[in-house]
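I have placed the structure first, in the form of structure tokens, so that the comments after it can refer back to it.
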Amino acid sequence: MSQLEKLAEQIEQLASQSKWDELIALEPALRDVVQETVAQTSEDDKPRLIATLTRLRSIYANAVQHAGSNRSESAQELTSVRRSLKAAQSYLNTSKF
């Protein structure tokens with residue numbers, strides 16, 4: 001298994017576990033490995049490289065979509081908490097009288 005395929009496995013595991021920070025930390029290494037692999041790939045190995053890169057693109061597309069939906073959910077929750085705090089503050093201000 002090539003270094004790129006090993007890295008793809010690791011990225012797939014991190015994405016399935018929603019470990020976004022670790023996934024982001026691997027991105028520079030992934031770029032380096034992709035550049036190195038592309039430069040060293042022979043014509044016979046191109047279909048395998050294309051399959052691996054397609055797999056990585058799919059993993060990242062799903063990760064971005066999932067992270068985006070999580071971010072939206074978090075933003076909605078934070079908005080709800082902020083409204084609750086504002087309502088509580090308003091109640092406390094009016095109950096002083």
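Values in this document were obtained by computation on a predicted structure and should not be read as measured data. Worth knowing before you read on, the calculation uses all heavy atoms, side chains too, and leaves out hydrogens, waters and symmetry mates.
Asp32 pairs by the side chain to side chain contact (heavy atoms under 4.5 Å, CB included) definition with nothing, not counting sequence neighbours.
Here the OG1 atom belonging to Thr54 is positioned 9.0 Å from the CG atom belonging to Leu49, to the nearest 0.5 angstrom. For the atom pair Leu30 CG and Ile11 CD1, the distance stands at 4.0 Å (nearest 0.5 Å). Annotation: the span from Thr41 atom OG1 to Glu36 atom CD amounts to 10.0 Å, rounded to 0.5 Å.
For the pair Glu22/Gln17, no side-chain contact is recorded, criterion being any heavy-atom separation below 4.5 Å from C-beta on. Taking the side chain as every heavy atom from C-beta outward, Leu56 and Leu4 approach each other to under 4.5 Å. Side-chain contact check for Val33 versus Thr37: some heavy-atom pair is nearer than 4.5 Å.
Considering every non-hydrogen atom in both Pro28 and Ala25, the closest pair reads CD-O, 3.4 Å. The shortest non-hydrogen separation linking Gln10 to Leu26 is CD-CD1, 3.8 Å.
A salt bridge links Arg55 and Glu12; the closest N-O separation between the charged side-chain nitrogens and carboxylate oxygens is under 4.0 Å. Here Lys6 does not pair with Glu9 in a salt bridge; the nearest charged N to carboxylate O distance is not below 4.0 Å.
Following chains of ILVMFWY side-chain contacts shorter than 4.5 Å, one can reach Val38 starting from Ile59, so the two form part of one hydrophobic cluster.
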